[in-house]
Every structure is written in structure tokens, then in C-alpha cells.
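Proteins come first, then strands; the chains are lettered A, B, ... in the order of their sequence lines, and each starts at number 1.
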2 protein chains.
Amino acid sequence: MSDGPPVASKILLIVMDGASDRPVNGTTPLASADTPNLDALAYGGINGIMDTVGIGVRPGSDVSHLAILGYDPFKYYTGRGPFEAAGIGIDVKRGDIAFRCNFATVEDGIVRDRRAGRIEDTDELARAIREKVKVPGVDIIFKRSTGHRAALVLRGKGLSPDITDTDPHKSGVPLSECRATTGSAGARHTADIVNSVSRQVIEALDHHPVNMARKERGLLPGNAILIRGAGDVPDLPGFHGKYGMKGAVVASPGLIIGIGKLCGMECHTIGGLGIELSGSVADEKIDKAVAELRTHDFVLVNVKGADEAGHDGDFERKARFFEEMDISFKGLLHLPDVLVIVTADHSTPVSVRGHSADPVPIVMHGPGVRIDDVDRYSELIAHKGGLTRIKGLDVMPIAMDLLNRTKKFGA
Amino acid sequence: MSDGPPVASKILLIVMDGASDRPVNGTTPLASADTPNLDALAYGGINGIMDTVGIGVRPGSDVSHLAILGYDPFKYYTGRGPFEAAGIGIDVKRGDIAFRCNFATVEDGIVRDRRAGRIEDTDELARAIREKVKVPGVDIIFKRSTGHRAALVLRGKGLSPDITDTDPHKSGVPLSECRATTGSAGARHTADIVNSVSRQVIEALDHHPVNMARKERGLLPGNAILIRGAGDVPDLPGFHGKYGMKGAVVASPGLIIGIGKLCGMECHTIGGLGIELSGSVADEKIDKAVAELRTHDFVLVNVKGADEAGHDGDFERKARFFEEMDISFKGLLHLPDVLVIVTADHSTPVSVRGHSADPVPIVMHGPGVRIDDVDRYSELIAHKGGLTRIKGLDVMPIAMDLLNRTKKFGA
């Protein structure tokens, strides 16, 4: 480090989604993968393990990214809807109630298929909803996402997120009535609106030409929407105001893009939703993130492949993902004035096929860090490093201090 | 340790101000210094790293000493003024508003020199202020400190610390008007008093014989005071009541002495303000602290030299300070019934030339501690010890328990 500047001026935060594991036969995909460049970051950096949200808390990607960015999820997380809606480009505002939706097939009030035969061509259907579904005094904002997915936002006075889903979360049962979960007038009012929207959508779509054509081709019609995950849009303090740094996000999941947008960061979507089976998309993301460092002080990049392999329980593919993307880390070893942080948002152990609360490894590499003797990037040994065990909310304060950007408390 | 008593009865807490660093060329003053006795404490003790105030919080010496003594600075710290005032011997009381002051040179309302040519002879000037500056209904307490420094305390009903400084914090600009920072009547009232004091001081000093003599000798007069750092005196629970232990403080900085006084501890000032370039003053302090253990259960000693070298960015001098004072630690290895704690209040990296939030090393040495395999006193390896990573507020509870002085919670 002797030739570098004494202090970093920028931060590159790489979140390898779901990267860490519980061991299988004594090892993990990360521990067993051949990753010389990632290991070089660990060797030349300060390491530790991290509970992104809390010890024993099994976090979703949304709450863990919020925590790592310094936004306490217990304060700011109001549900997935607002982040998904922002992520697909709806300009949500504080007070809006946002939902995730599926296009679905409903016959005689019974949900026949929750994804309408995995429908893809929803542009015209979404337009019909925007044109025909009206509730007096409330703006209905609807936008399709990838595949059968969509988002709904209600904007108006006196709305409440304290309501149930219309999505019954299984097929073969009736579409659910939305109900208030509290006694508040706002919740009852909002439930009435959601039920009205749900009925009007069926009227607008059941005989829509797109659906008539699908039926003729033997495909299930997308003639209803299942509404779930109500959340009121949180008032996240802007990233720039909070840290005095210009931030950018590079990611594929709409959820992560949505978090970036709600924090006021410039967002770049690379890769499709959830489709990142090889390291190549990850490489492209890292390259883009490094390019963004030219014009930004802080870049968050989320790479997704490890999480997908973890959900599929595929040890070999998860290990291969790390090996394939390892070359991307080579260039990060010599960024002169950048604090490079590599971590995960949660564990997605192949033995669990889902998220777990096991802590994730974290390394900070750059000017001024107290280099420890951890010499591999692995969730099995990272706790031996100089960071010991930290929380997600600690990441930004530590990084800001390493950039000499913290204010002194006291004299 | 087998021949010693099973439990310590006293605590010696040595705070090496600003001792720890970020590495320069892979090492630090503490890690590279030849300190056999300090290392013997680490070898025979339990080690860890400590965030004195919080992870990623860059603390001043005042808030960090409060935390290490078990007083939550987020609850008790009200600004530097009260501690400085107490430190120079003003008997501050709860409700008082205390300020730090500089004697300064003001010409036609413009601050010409913020330190009055680094004036030293302020006894007569301070007496003139005490005799001539009067505000009805308010006690004006004024006392000189070392050099150009002084403290002002206002005592009366309805006063508020929510006011601005009269110190413009640079020269060549007018003396500032003190203004209320809230709409409260108390703040406006206090601002009026401060402005009156500011004006009366100039009247009292401008033609004072000391200043006339200085002008004749071509020196800048100390004809005004710059008032800053308003704080209301906090109601710190007494150390004896809190811990049932008789405590003493040995230090040079007025700030640390002031903390000791506000906690009700016996305080001994050794060494001048900030002048501790060699280890010898530090040795004298350690000797005094050990002597105080004869009559006290707890002694806090602050040694200052490392912090000063850190602020000056002088790696060699900082390392030499540790080497020179190391001999003082020799006698601490065999104090039979004393828990010896050696730590720092914050890092003052030579690469930063100021405080940072990097955690500090801590060792506890004495009867009953779980000796770990850390064999050197260094911020680069202390995290491997049995304390792992703790906070400043954890020190006294851990120490009290090692003395078997904690009360059981539960049955």
C-alpha cells in the first residue's frame, strides 16, 4: 500500500447476493471455489463476518441492502411493494400505497393459475387497466414488469397499507377479498378501493383481444391481477444528503434498483430479472460499476448468480459462479483511491435452498485499512479478521471514517 | 498468576491518549515500537479491540473518556465547556452554562489575533474581568487557564446553552454577536448576557495596564475574550455512588481532569497542558497512579504523548514515546491485587493527523482474567484476543465483574 494515497476518496460496494453458506461435508461453495483474485482482496484487506440485519435474523435482499446502505430496516422497511414499484420505474411518492401484482387466470371467481400460464405479452393488458380502471379521488398507477409481474400504486388522501392481499397464494381457490387488518377508516377505505380495482380489472381484461387470442391458441388468459405486499412508501433520506456522496447502483433485480431509486441514486439495470447463471453478467456489472466510479463517489453493485444457485441447492454451480466471476476482481486490487468492499446481503445455503441468518463474510480493501492475516475470502474463516463481527448498519460508518468523512463527536 | 489472590480488589485504568493508528507501510508506531513490558501485559492478559463510543464514530477525548468510565456520552455529553471549566478548578453546578474562552486581540471590533499573540500573563486581566464585568441576576465566573485559554461560567435562573459563539473562529473578521439557536426566551436571554459580557470585557481590558505595557513592548494586547462551546453542566452520577469505589484521576489535559471532577473523583494534574513530548511525564503519571492505588479503589491515568505525535503526523516520535514509557509498565506486571487495563480513548493515526474511528487495543491483566494467546500490545492483532471487539461502555461492567463487584441479575 506504500505507493497509494493515504486515504480513499471513493467506495465500491460489491454485494454478492446470497453468497455464503452452511457447510456441506465440511466446506462451502465459496470456501472450495478457486478464486485467487477474491482471495487477494481478503489477503490485502481487513476481514470479518457480518449480520446484515441482526444476529439470527433471516433477511430478505431488500432489508439487508437497506441496512448495508445505512438505512435501519426496522425504521424504513414498509414492505416489498414500494421498492418493487420504484424498481420498475414508477415514480412513487411518500404516502403512496404500493403493491406487487401477478397477472393471473381467474375462472368464475376461482384462481386457476397464479401466473396466467407464465404470460409474457402484457403490454396491452396493462394499458387497458390504466385506461379503464378508475376510482374517484384516487390515482391508479399500474405498470407491468417482467413476465407475469406488475406493480400497482394507489395515490390519494387517507390511504392505509393495513390491508390483506387479494392473492390467495394458491390456485383452485377463490380470489380473496381485500380486508382491513386494523379498525381504521383509512384501512377500510383502502380495502374497498383494492376490491374495486380487482373487480374492474377482470371486467377490463376478460374479453380483451389479447386474451381472446390466447384462448384461441390454447393459452391461459391474463384476465385478473393478484394484489399483494401492500406498503406505504417510506421517506428515505436521500443518499447524497446523508453522506455527501454521489451514489449509483448497478443491479438486475427490480427490488435493488427500487431501493437505489428511493434513496435518490442513479440506477443502472444490467442483466434480466434473476437470469444470471454464469459469471459473465456479473463481470459486465463489475465493469459498469468501475466505470461509474469515474463520475460517482459511491457505487453499489449487486451480482445475483450465487443466490440463484443457492435457491436451486446447486453446490457445484454456486462454486463455479464464484470461479467464473473471479477474474472481475483482478482489476479491483489496484484501484488507487477506492475502498473496495466485498460482502453478501445474506446467506443462501445450498443445504437450505433459501435464505438463512448465518453471517456473511466481508472484506474492506484499500488505503489505510488494518490488513489482517486472513488470506482467503470465505465465510468459514472471515471472523478471524480485524473487523471481527459487525452489523450491516456498521458498514457505511466504518467506510466513511476510512475516507475521513466522519464528523468528530466531542472534542 | 497462581500465587496471586483469586480476585483483584482494585482497578488501574491507563488510557494512552490517541495511541492507535492506521498502518503506514504495513505497520504502526505501536506495532513497531520495542515495548517488552507492554507486550508482557498483553501476553499475560486478555486482549481485544474497542470502539470507545461506537463503530464508525470518531470520538473526542471527552466523550470517549466518559464512555470508558461508564457514562453514556449520548446521554451525558453537553459540550466541552463544562468539562474544561471544571478542569481548571471552577466548581460548576448543574444548571450552569459553561464556555471555553480565548484571550484575543480585537481592534475596532475586528479580531486581529485569536490568541492575543499567545499571551501568557493573564492573571491580572482575569482579575479585572471578575471585578468589573457584572450582569444583574447572574453570577459571572471567570478563570484563566494555561496560555491564552480561559473558562467562563454563567450561573442563574432560566439560562440556556442554545446559543452561538462570539468566536468567529478566524481573524480579520468582526467579533461575532451571540445569537439564540432556538426560539426559547431562555436562549435569547442568555445570548443577551453573553453579548453584554463580551462588550464589558473589552471596556475592562482595552486600557488595562497589562495591555498598555504589552503594546509598549510591541506585543498584542489581550483586550477581549472569544466565547465558545456553550454547554449546560450535566448531572453526572457520582463515581463512588455508581460503583461503590473511591476513584482518582491522574492527567494533564484540563478536559480529562474536568471529567474526573464532574464524576466526583480526586484529581491530580501532572504535566502541563499538552506538553508531554517524552515518556518521562508519562512515567511520572504512572508512578503517581500506582501511589494513588494505596488510598483508592480505582485510578484512571491519561498519558498524552502519543496523541500529540499523532496530531503532528510523526510516526517515529510516536513509536519512541511508547518505547520511552514502556519501562513504566514493568512494575504493573506484578501488582498483586490490581486489575490493570491499558487502552486508548481513540486512534490518532499519524496518516490522519487527527482522530479516527478505528478501534483501539485493550488489555486487561490481573487475577482471574482468561489469558489468551495475543503476545504483543498492538492494534493490528488485539482483535484475536478473548475480548474480541467491545465498546467503551463495556469496560467498567467487565472490570467490576472481574472484581466480583457486579450484582446478579436473576436468581
In the structure I gave you, are the side-chain heavy atoms of [X] and [Y] within less than 4.5 Å of one another anywhere?
X      : Y      : answer
B/R22  : A/L402 : yes
A/N404 : B/R58  : yes
A/D373 : B/K384 : yes
A/R389 : B/T388 : no

Contact part of [X] toward chain A, heavy-atom cut-off under 4.5 Å: side chain, backbone, both or neither?
X      : value
B/S347 : side chain
B/P73  : both
B/L255 : side chain

Would you check if the side chain of [X] reaches a backbone N or O of [Y] as a donor-acceptor pair within less than 3.5 Å?
X      : Y      : answer
A/D401 : B/A357 : yes
B/D62  : A/G410 : no
A/R370 : B/D21  : yes

Measuring heavy-atom distances to chain B, does A/L393 have an atom under 4.5 Å in its side chain, in its backbone, in both, or in neither?
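Neither part, no heavy atoms under 4.5 Å.
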Please state whether the side chain, the backbone, both or neither of A/K407 comes within less than 4.5 Å of a heavy atom of chain B.
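Looking at A/K407, just its backbone touches chain B.
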Heavy atoms only, distances under 4.5 angstrom: which of B/S351, B/A382, B/P359 has the most pairs with chain A? Name it, please.
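Top count of heavy-atom pairs under 4.5 Å with chain A: B/P359.
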Who among B/G56, B/G229, B/S61 has the most heavy-atom pairs with chain A under 4.5 Å?
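Option with the top pair count is B/G56.
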Just how far is it from atom CG of B/D358 to atom CD1 of A/I398, taken to the nearest 0.5 Å?
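With rounding to 0.5 Å, CG (B/D358) is 9.5 Å from CD1 (A/I398).
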Looking at CD1 of A/I390 and CG of B/D51, how far apart are the two atoms once the value is rounded to the nearest 0.5 Å?
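Taking CD1 in A/I390 and CG in B/D51, the distance rounds to 10.0 Å.
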List the atom of [X], the atom of [Y], and the distance in Å for their closest heavy-atom pair.
X      : Y      : value
B/P23  : A/G368 : CD-O, 3.6 Å
B/H383 : A/G385 : CD2-O, 3.2 Å
B/I49  : A/G386 : CD1-O, 3.4 Å

With under 30° as parallel and over 60° as perpendicular, where do the rings of A/F409 and B/F74 fit, or are they tilted in between?
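Plane angle under 30°, so parallel.
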Take a 6.0 Å sphere around OH of A/Y77 and say whether it holds more than 12 heavy atoms from other residues, nucleotides or ligands.
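Yes, OH of A/Y77 has more than 12 neighbouring heavy atoms, counting only those of other groups under 6.0 Å.
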